[in-house]
S.K.: 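This is the structure I want to talk about, given as structure tokens.
Quick note on labels: first sequence line is chain A, next is B, and so on, each numbered from 1. These numbers come from a predicted model, not from an experiment.
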Amino acid sequence: MAELPEVHTISNDLNNLVKDYTIDDVKVLSNYRILPDKDTFIKQVKGKPITQVTRVAKNIIIELGDNLNIGLHLAMTGQILVRNGNDKQPNWTHIILLLRSNTDTQTIYYTDMRMFGKITLMDKEQLQVLKDKYGPEPIDPNADPADFYERIRSKRTSIKNAILNQAVISGLGNIYATDALFLARIHPETPTQKMSSDMANRLFESAKNILLEGIEHRGSTLADKMYVDIYGKEGTQQNYFRVYGKQDCPNCATKLEFKKVGGRGTYFCPKCQNLSVQEQLF
DNA sequence: ATGTTTGTTCCGAT
DNA sequence: CATCGGAACAAACA
């Protein structure tokens, strides 16, 4: 659920709220996946100041200074929620952080319905290893479309599969990838080997634009409401979806096709995103 | 009730 | 040996 725009919104808000707070107490309520292990996590984190909250691809990084970082991956149903101390504990809470500044306290709940996410304690070196796993982000001003093209062409799969591979390009998930392909007018099943540099440029630009739009709209909240910001508020990008979850092409009103590509539900316009049209362009 | 659902990793096949 | 596709992970909903 949490793709780049959602993680970006959460990490920004969290940084604004709790930067320079101290972690007063940590409660772990389940056998959630915590690395290296639960006891080490509690011991290492307790009493540490939060120097900054940042983001690496779809990971939230809570920097504690002293060469220590907490990496949070929300996967599909993870949430970070701020509630008043006397509010009811949210469903599926696994971890509670009690934070304190000179003048204020905050309670942060980490929840995850399906428990696909994980929490990793990392030193500087491990954080670098994590960063190195990821391809460039389309929203990075330094990212190079020509490099993107090379990465695409090094794969032998569908373009949809390739852009969901975070080592090729990071930040896209199924929803934004689907809309990015529509905006670039590229059929999701186009073999990467058939991508022209012009198609790659278009796709890179579309991916950048759709992710920036998602950030502007503070992410997308689907019917299941699994993504909300740290205050429990929904995003609005779902109101701007081009083809994801839609019936008809917003461009030509043709009935959209739906099929599994790489195991993921994929919507596309058979007319606007037509393989043979692309070959003509090439 | 069986089939779906957002992300990632791992295993078997190619 | 490297790479790719698909299953698996867990839970809720239709």
S.K.: How many Å lie between CE on A/Met115 and P on B/dT9, as a whole number?
M.R.: 17 Å

S.K.: Can you tell me the distance, in whole Å, between the NZ atom of A/Lys118 and the C1' atom of B/dT8?
M.R.: 8 Å

S.K.: Between A/Glu137 and A/Arg55, does any side-chain N to carboxylate O distance fall below 4.0 Å?
M.R.: yes

S.K.: Expressed in angstrom and rounded to an integer, what is the separation of A/Leu74 atom CG from B/dT8 atom P?
M.R.: 10 Å

S.K.: Report the stems of DNA chain B as range-with-range entries sorted by first number; a stem here is at least three consecutive pairs, Watson-Crick or G-U wobble, both distances under 3.5 Å, and write none if there are none.
M.R.: B:2-5 with C:11-14, B:7-14 with C:2-9

S.K.: Nearest to the side chain of A/His73, heavy atoms from C-beta on, is which of C/dC9, C/dG5, B/dT8?
M.R.: B/dT8

S.K.: Using a 3.5 Å distance criterion without hydrogens, assess whether the side chain of A/Thr266 forms a donor-acceptor pair with backbone atoms of A/Lys260.
M.R.: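 Between the backbone of A/Lys260 and the side chain of A/Thr266 there is no qualifying donor-acceptor contact (under 3.5 Å).
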
S.K.: Could you tell me whether A/Tyr244 contacts a base, only the sugar-phosphate backbone, or nothing, with contacts defined as non-hydrogen atoms closer than 4.0 Å?
M.R.: sugar-phosphate

S.K.: Does the side chain of A/Lys58 get closer than 4.0 angstrom to OP1 or OP2 of B/dT8 through an N or O atom?
M.R.: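 Result: yes.
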
S.K.: Please report, rounded to the nearest Å, how far the C1' atom of C/dA14 is from the CG atom of A/Asp224.
M.R.: 13 Å

S.K.: If I pick the P atom on C/dC1 and the same atom on B/dT9, what distance separates them, to the nearest angstrom?
M.R.: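 These two P atoms come out 24 Å apart once rounded.
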
S.K.: In whole angstroms, how far is the C1' atom of B/dT8 from the CZ atom of A/Arg33?
M.R.: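 Rounded to the whole Å, the gap is 8 Å.
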
S.K.: Measure from CD on A/Gln166 to C1' on B/dT8 and round the result to the nearest Å.
M.R.: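 To the nearest whole Å, that distance equals 9 Å.
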
S.K.: Between C/dC9, B/dT5, B/dT8, which nucleotide gets closest to the side-chain atoms of A/Phe116?
M.R.: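 For the A/Phe116 side chain, the nearest candidate turns out to be C/dC9.
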
S.K.: Using a heavy-atom cut-off of under 4.0 Å over every strand shown, decide if A/Gly263 touches base, sugar-phosphate, or nothing.
M.R.: nothing

S.K.: For A/Lys133 and A/Thr77, take the nucleotide of DNA chain B holding the closest heavy atom to each; which residue's nucleotide lies nearer the 5' end?
M.R.: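 Closest to the 5' end, via its nearest nucleotide, is A/Thr77.
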
S.K.: Just to be sure I understand the rule, does A/Tyr32 reach a base, reach only the sugar-phosphate, or reach nothing, if contact means heavy atoms closer than 4.0 Å?
M.R.: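 No contact.
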
S.K.: Between A/Leu130 and A/Leu64, is there shared hydrophobic-cluster membership here, with clusters defined by ILVMFWY side-chain heavy atoms closer than 4.5 Å?
M.R.: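 In one cluster with A/Leu130: A/Leu64, no.
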
S.K.: May I ask you to decide whether A/Glu213 forms a salt bridge with A/Arg242, counting only side-chain N to carboxylate O separations under 4.0 Å?
M.R.: yes

S.K.: State whether A/Glu234 and A/Lys225 are salt-bridged, where the test is any N-O pair (Lys NZ or Arg NE/NH1/NH2 against Asp/Glu carboxylate O) under 4.0 Å.
M.R.: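 Yes.
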
S.K.: Please verify the inter-ring angle class for A/Tyr267 with A/Tyr244; under 30° counts as parallel, over 60° as perpendicular, anything in between as tilted.
M.R.: perpendicular

S.K.: For B/dG3 and A/Lys260 - does any side-chain N or O of the residue sit under 4.0 Å from the phosphate oxygens OP1/OP2?
M.R.: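 Negative; the distance criterion is not met.
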
S.K.: Should A/Asn161 be listed as having a side-chain N or O under 4.0 Å from OP1 or OP2 of C/dC4?
M.R.: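 No.
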
S.K.: Can you tell me if A/Lys160 touches the phosphate of C/dC4, counting only side-chain N or O atoms and a distance under 4.0 Å to OP1 or OP2?
M.R.: no

S.K.: Considering only C/dC4, B/dT8, C/dA11, which nucleotide approaches the side chain of A/Met113 most closely?
M.R.: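 Looking only at side-chain atoms, A/Met113 lies closest to C/dA11.
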
S.K.: Look at the side chain of A/Trp92 and decide which nucleotide, out of B/dT5, C/dA12, C/dC4, has an atom nearest to it.
M.R.: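 Of all the options, the side chain of A/Trp92 is nearest to C/dA12.
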
S.K.: Rounded to the nearest angstrom, tell me the gap between atom CD in A/Gln79 and atom C1' in C/dA11.
M.R.: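 It works out to 13 Å between those atoms.
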
S.K.: Can you check whether A/Thr157 has a side-chain N or O nearer than 4.0 Å to OP1 or OP2 of C/dG5?
M.R.: yes

S.K.: Does A/Gln106 offer a backbone N or O that forms a donor-acceptor pair with the side chain of A/Arg100 under 3.5 Å?
M.R.: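 Not at all, since once roles are kept as given, no pair shorter than 3.5 Å links the two residues.
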
S.K.: Mind checking what makes ring-ring contact (aromatic ring centres under 6.0 Å, His included) contact with A/His94, not counting sequence neighbours?
M.R.: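 Residues passing ring-ring contact (aromatic ring centres under 6.0 Å, His included) with A/His94: A/Tyr32.
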
S.K.: Can you tell me how far C1' of C/dC13 sits from CG of A/Leu222, to the nearest Å?
M.R.: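 It is 14 Å, rounded to the nearest whole Å.
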
